[in-house]
Amino acid sequence: MIVSTKEVTEMAYEFAHDYAEARRKFLEAATAAGGRLRAFHHPDQAGPDGGPLCVDVAEIGPDKPDEVLLVVSGTHGIEGFCGSACQISLLADDGPVISAGPATGFVFVHALNPFGFAYQRRVDDGNVDVNRNFVEHGGPASNPDYDMLHEFLLTDEWNRTTPRRLLGSWQDLVGQVGRRAVQQAVTGGQYRHPDGLFYGGTRPVWSNDTLRRIARESLAGASRVGYIDLHTGLGEWGQGEPIFRGGRDPLALQRARTWYGEALTVSEQGTSSSTLIYGNTAQAVADAVDHNGGQLTAITLEFGTLSAEEVLLALCADNWLHNRFDARQALASDLKGLVREAFSPSDPAWRTAVTVRAREVVDQALRGLTG
């Protein structure tokens, strides 16, 4: 798709400076699109400006639609800068929501992890990766391979030599066991180290409970549900990869391939930039849809940013910050610029590419959902 300079500027402009601005823009766009709004206020945390932290929900279309497209942003906090901008673009006058038929329902969930969004982290206020939290807690989930890497990922200090040392160790490890194996060990999800990366927690966190409530209430009665969870940080620069995440009926994968074509990837088959992960949000949506006896076609839409090494470096830097300083102090650190570029690059061309791609994928979902 060829995009003009004017369109680049306009679409990049949808990216907010901070969580509060993103929330305001989303609520304005959802209201203009005729959305019915609800807000779920975080019970324990406030934003850096002292303002509320909320999961906002906009429902558009019939009260009890048979076909629903659910789009979530900010599961991984800071990735909400991109997800929010995509949602705002989807809600615009020339976007796919306004042009959809009157029988189709939409549910937009903005900033599922508002703490991470506001303080520019992937995780919530308890260092929990929300997209690893949807497991049976106390069950068999474990990751012994991560256990062996935990100390390596938790550097004791951060100075000018730290990035080179970390990247050198990472490259040595990849050379020994392979990139895919290391990625699986680090990113799959771990449940023993609350100070570490990709920590899934020991109980359902507030964002987990909130999404389950939204899914139960907003999807009640729907027999066909499409689910898109918006993410950044994996894959090729500016590309939007649809990664299969479910349903549970035997035709779900075939249905997803029909909707999204050859671009669809499957972690379990080794075709995705993402390795197999435990406890992703689609589990909550699947539970709600199963309760209705409906069909779910779920994907993660993953937008590539920097190299895997640069993203890991940003994660280690952010984890080092928050293991030593409170959230407000950490937010003021220059290292946050490294984190933000890893998950919301400032390049206007990247920002335009992802908002354009989000519209393409939502168009595909709507054709599949209503076809």
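Please read all numbers here as calculations on a predicted model, not as lab measurements.
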Give a yes or no on whether a salt bridge exists between [X] and [Y], defined as a side-chain N under 4.0 angstrom from a carboxylate O.
| X | Y | result |
| --- | --- | --- |
| Asp56 | Arg24 | no |
| Arg255 | Asp249 | yes |
| Arg245 | Asp229 | no |
| Arg357 | Glu360 | yes |

Exercise: identify the closest heavy-atom pair between [X] and [Y]:
| X | Y | answer |
| --- | --- | --- |
| Pro65 | Pro62 | CD-O, 3.2 Å |
| Gln190 | Leu197 | NE2-O, 3.0 Å |
| Phe117 | Ala22 | CZ-CB, 3.6 Å |
| Val68 | Ala222 | CG2-CB, 3.8 Å |

Is a side-chain donor-acceptor pair under 3.5 Å present for [Y] with [X]?
| X | Y | value |
| --- | --- | --- |
| Glu59 | Ser218 | yes |
| Asp129 | His76 | yes |
| Arg192 | Asn143 | no |
| Asn159 | Thr162 | yes |
| Gln87 | Ser73 | yes |
| Ser223 | Gln295 | no |

(message) To the closest 0.5 Å, what do you measure between OG (Ser207) and CZ (Phe115)?
(response) 11.0 Å

(request) Determine, stepwise, if the pair Phe198 / Ile277 fulfils side chain to side chain contact (heavy atoms under 4.5 Å, CB included). (result) CA-CA 10 Å; Phe198 298 92; Ile277 65 174; over 6 Å; no

(request) Can you spot which of Thr281, Asp124, Asn133 makes a side chain to side chain donor-acceptor pair (under 3.5 Å) with Asn208? (result) Asn133

(message) Could you check whether any side-chain N or O of Lys25 sits under 3.5 Å from a backbone N or O of Ile88, counting only pairs where one atom can act as donor and the other as acceptor?
(response) no

(request) Examine distances only and state if a side-chain atom of Thr271 and a backbone atom of Val266 form a donor-acceptor pair shorter than 3.5 Å. (result) yes

(request) List the steps, then state whether side chain to side chain donor-acceptor pair (under 3.5 Å) holds for Glu79 with His231. (result) CA-CA 6 Å; Glu79 298 175 24; His231 286 264; 3.0 Å; yes

(request) Output, in order, the C-alpha distance, side-chain angles, deciding distance and verdict of side chain to side chain donor-acceptor pair (under 3.5 Å) for Glu241 and Ser273. (result) CA-CA 8 Å; Glu241 176 189 353; Ser273 63; 2.6 Å; yes

